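Remember, it's a predicted structure, so these values are computed and weren't measured experimentally. Along the sequence shown, residues carry numbers from 1.
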Amino acid sequence: MLKNTKPEAGGTKKKYKDNATFVKLFPSYVLERMKRADNYTLDLLIEGCINNEHAAQKVIYQRYAAKMFAVCLRYGKTKMVAEELLQTGFVKVFRSIVHFRKEGSFEGWIRRVMVNTAIEYYRQAAKIQETKELTPDLDTEGNYGSGLDNLALEDLMALIAALPDGYRMVFNMYAIEGYSHKEIAEKLGITEGGSKSQLSRARIVLQNAINKREEVAYARFEK
């Protein structure tokens, strides 16, 4: 239970010209208590999960499931696979939550569990086929993603989901999660050259898909 905190005697409340009513209802010391209470609640939830309390697990799931499902959708080829990854991921979250050291954000830790779950899923389902080492005419540093910036999130996720498994895994890990090619190679059991090659080919496939969509849209506009 949080202690009842009161403003120090003679102290002045912080003034906000743009939101005087809000500050009047929630002075600075109350806002600070609310912030501490939120952290306090998360700590209690984590402790509850460590003790296998179903109520705490339910709250954690409801709080983070939507964001984590979006992560799983990028790795899963279908919605059904994404749902499986989500459920398996949360089982691992609750099993390993005792190892969360509170050195970073809790949400970031859950995200890493989900990504690792997706990696394990595809390594077990089918060995990711490694492409040949890069040929001179395949530029790994080329700018194939210029059209990606103009896509709506839903459209981009659909294009990523349509990529072959190996391409999709490498693209997600490198372009979105920020893994290096060395880290990707270690996690997926491929070479760094294979990681670079799959990333480059994924970018080419995405760019071709974008070009095709633009051609279709242009043709409809011309009619």
Side-chain angles (χ1 to χ4, degrees), residues 67-93 96 104 107-217:
K67 289 183 179 180
M68 296 308 119
F69 185 59
V71 173
C72 294
L73 274 175
R74 286 195 287 101
Y75 285 91
K77 196 173 186 65
T78 64
K79 184 178 179 181
M80 184 179 297
V81 172
E83 290 174 345
E84 182 178 346
L85 293 175
L86 181 71
Q87 298 305 320
T88 302
F90 267 107
V91 169
K92 292 182 178 181
V93 164
S96 59
E107 181 178 325
W109 179 79
I110 295 179
R111 181 190 181 96
R112 287 192 295 275
V113 173
M114 294 295 165
V115 172
N116 287 332
T117 299
I119 292 172
E120 292 174 10
Y121 176 89
Y122 281 104
R123 290 197 67 174
Q124 293 174 1
K127 184 177 180 181
I128 296 177
Q129 298 200 3
E130 184 166 351
T131 59
K132 296 179 180 179
E133 294 296 326
L134 293 173
T135 54
D137 60 337
L138 190 57
D139 179 14
T140 58
E141 302 302 328
N143 184 17
Y144 301 113
S146 58
L148 299 178
D149 297 334
N150 299 322
L151 282 179
L153 178 59
E154 184 176 349
D155 294 333
L156 176 58
M157 292 182 68
L159 291 180
I160 293 175
L163 289 170
D165 290 349
Y167 294 3
R168 184 173 63 257
M169 294 296 292
V170 173
F171 181 85
N172 274 314
M173 294 177 70
Y174 183 89
I176 300 178
E177 306 297 344
Y179 285 98
S180 67
H181 285 297
K182 181 179 180 180
E183 292 170 326
I184 294 172
E186 291 174 351
K187 285 184 173 292
L188 299 185
I190 60 178
T191 66
E192 288 187 52
S195 176
K196 292 177 181 178
S197 180
Q198 296 212 47
L199 174 65
S200 181
R201 294 174 190 275
R203 285 172 168 169
I204 293 173
V205 171
L206 288 173
Q207 191 62 58
N208 289 339
I210 292 171
N211 292 341
K212 186 175 181 180
R213 290 166 67 100
E214 291 177 348
E215 289 174 2
V216 171

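One distance of note links CD of Glu192 with OG of Ser180; it measures 7.0 Å at 0.5 Å rounding. The line from CE of Met157 to CG of Asn172 is 9.0 Å long, rounded to the nearest 0.5 Å. Rounded to the nearest 0.5 Å, atoms CD (Gln87) and OG1 (Thr117) are 11.5 Å apart. Note that CD1 of Ile160 is 11.0 Å distant from CG of Leu73, once rounded to the nearest 0.5 Å. Residue Ile184 holds its CD1 atom at 11.0 Å from CZ of Phe171, rounded to the nearest 0.5 Å. The OG atom of Ser96 sits 3.5 Å away from the CH2 atom of Trp109 when rounded to the nearest 0.5 Å.
Between Ile110 and Met114 the shortest side-chain heavy-atom distance falls below 4.5 Å. A 4.5 Å side-chain heavy-atom check between Glu107 and Met68 finds at least one atom pair inside the cut-off. Looking at Leu199 and His181, their side chains come closer than 4.5 Å, going by heavy atoms from C-beta outward. Ile119 is listed as a side-chain neighbour of Met173, based on a closest heavy-atom distance under 4.5 Å.
Pairing each heavy atom of Ala161 with each of Gly76, the nearest pair is CB-O, 4.2 Å. Scanning both residues, Leu163 and Ala202, for their nearest heavy atoms gives CD2-O, 4.0 Å. Listed here is the closest heavy atom pair of Tyr179 and Asn116: OH-OD1, 4.1 Å. Here the shortest heavy-atom pairing between Ala209 and Leu159 reads CB-CD2, 3.8 Å.
Put simply, the residue from Met169, Arg203, Lys196, Gln198 that forms a side chain to side chain contact (heavy atoms under 4.5 Å, CB included) with Tyr174 is Arg203.
Qualifying side chain to side chain contact (heavy atoms under 4.5 Å, CB included) partners for Val81, counting only residues two or more places apart in sequence or in other chains: Thr78, Leu85, Tyr121, Tyr122. Partners of Lys77 by salt bridge (charged side-chain N to carboxylate O under 4.0 Å, His left out), not counting sequence neighbours: none found.
A distance-only check finds no donor-acceptor pair linking the side chain of Ser197 to the backbone of Gly193 [under 3.5 Å].
Residue pairs meeting the salt bridge (Lys or Arg N to Asp or Glu O under 4.0 Å) criterion with at least one member in residues 174-187, sequence neighbours excluded: Arg74-Glu177, Arg111-Glu177.
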